[in-house]
Amino acid sequence: PLQILSFIGGVVKVEETELMSRVGFLYPIDTHNISVFINATREQDSGQYMCTVNVVDDPIRMHKNVGVINLTVLVPPATPTCQLHGSAIVGANVTLSCSSKKGKPSPMYQWQREPPTLQVFFPPAQDRARGTLKLTNLSLEMSGVYVCRAENQAGSKNCSIVLEV
C-alpha cells in the first residue's frame, strides 16, 4: 500500500504521489468525518483505497479501524472509427465495423440507418460487443448513411459511414 494522505498529531500531510495536487480531506478533521476527495480523476486513479484510524489509548477499536473501498474511474468512449469491409455491389455481402480505442467499461455498439429510411438492427446481423453489422444480398435500396454509437455508463460517441451500393 502507498500512503497518500495522513493526519498525525494535528498535522495534515499529503504524500508526494500522482494524487498530491488533487487529494485532500473533505471536511476539517475535528468534525470526525474523514472523507477524502480526489479532483480531476484519471483512469489510473482506479484501485483499492484503505482508510486506517488509530486513536491513541483506545483498545476497544483495535481491530475495527480499517475501511476499504474499491474505486473504478469510468472513461467515456473515444470517438469510434467506422469502416466498410467488402465491395458494395448489388447482391454482395458487406460488414460495417465500429471500434473505439478508449472506454471503461468497454463500450457497446449500436448501428442504425439514418432517415429518410430509419432502420435499427438486431442480432444476428448486429454484434453489439464487437461493433459489427453484416449486410447481406445488397440492393440499391440499402444505400444510405449508417451511424454507429459507442456507449458505456460514462457517455457515448458516434461515427458514420455512407454506403453506396
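Everything numeric in this text was worked out from a predicted model, so none of it was measured.
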With a 4.5 Å heavy-atom cut-off, do L96 and C148 have their side chains touching?
no
Is R42 salt-bridged to E18, cutoff N-O under 4.0 Å?
yes
Whether over 12 other heavy atoms sit under 6.0 Å from L26 CG:
yes
Provide the closest heavy-atom pair for A150 versus P80 in the form atom of the first, atom of the second, distance.
CB-CG, 4.0 Å
How close do G155 and P77 get, heavy atom to heavy atom, and via which atoms?
O-CD, 3.3 Å
Side-chain heavy atoms of Y109 within contact of Q126, under 4.5 Å
no
K104 side chain near S46 side chain, heavy-atom distance below 4.5 Å:
yes
Would you say the side chain of S97 lies within less than 4.5 Å of the side chain of H85, judging by non-hydrogen atoms?
yes
A78 backbone acceptor or donor facing S100 side chain under 3.5 Å:
yes
For a side-chain contact (heavy atoms from CB on, under 4.5 Å) with Y49, tell me which candidate from I38, V68, N70 qualifies.
I38
Identify the two heavy atoms, one from V14 and one from V23, that lie closest to each other, and give their separation to 0.1 Å.
CG1-CG1, 3.9 Å
Do you know which two heavy atoms are closest between I161 and Q83, and how far apart they sit?
CD1-C, 3.5 Å
Counting N and O atoms only, with roles assigned by atom type, does the side chain of R22 sit under 3.5 Å from a partner on the main chain of A40, one being a donor and the other an acceptor?
yes
Could you tell me which non-hydrogen atom of L5 sits nearest to which non-hydrogen atom of V12, and how far apart they are?
CD1-CG1, 4.2 Å
Residues V94 and G86: closest non-hydrogen pair is CG1-C, 4.0 Å
Does any part of the side chain of K134, heavy atoms only, come nearer than 4.5 Å to the side chain of D127, both counted from C-beta?
no
N152 side chain to V75 main-chain N or O, any donor-acceptor pair under 3.5 Å?
yes
Side-chain heavy-atom pair L138, I89 within 4.5 angstrom cut-off:
no
Is there a path from V162 to L133 through hydrophobic residues (I, L, V, M, F, W, Y) whose side chains come within less than 4.5 Å of each other?
no
Ignoring hydrogens and geometry, is there a side-chain-to-backbone donor-acceptor pair from R113 to S143 under 3.5 Å?
yes
Count the heavy atoms of every other residue, nucleotide or ligand shown that sit under 6.0 Å from CD of E164, and state whether that count exceeds 12.
no
Taking the two cysteines C98 and C82, decide whether their SG atoms are closer than 2.5 angstrom.
no
T17 and E15: side-chain donor and acceptor closer than 3.5 Å?
no
Rounded to the nearest 0.5 Å, what separates atom CG in N39 from atom CG in L19?
10.5 Å
Linking I/L/V/M/F/W/Y whenever any side-chain heavy atoms sit under 4.5 Å apart, do L118 and V145 land together?
no
Decide whether I8 and F25 are clustered together by the hydrophobic rule: side chain heavy atoms of Ile, Leu, Val, Met, Phe, Trp, Tyr closer than 4.5 Å, transitively.
no
With side chains defined as the heavy atoms from C-beta onward, is the minimum distance between F121 and L135 less than 4.5 Å?
yes
Joint hydrophobic cluster, M142 plus F122, side-chain heavy atoms closer than 4.5 Å:
no
Using a 4.5 Å cut-off on heavy atoms from C-beta on, say whether the side chain of V73 contacts that of L71.
yes
Separation of C159 SG from Y146 OH (nearest 0.5 Å):
14.5 Å
Enter the distance from I69:CD1 to M50:CE here, rounded to the nearest 0.5 Å.
13.0 Å
Nearest-0.5 Å distance that lies between atom NZ in K157 and atom CZ in R149:
14.0 Å
Any chain of hydrophobic side-chain contacts (each under 4.5 Å) joining F7 to V53?
yes
In this structure, OG1 of T95 is separated from CZ of R130 (nearest 0.5 Å) by 11.5 Å
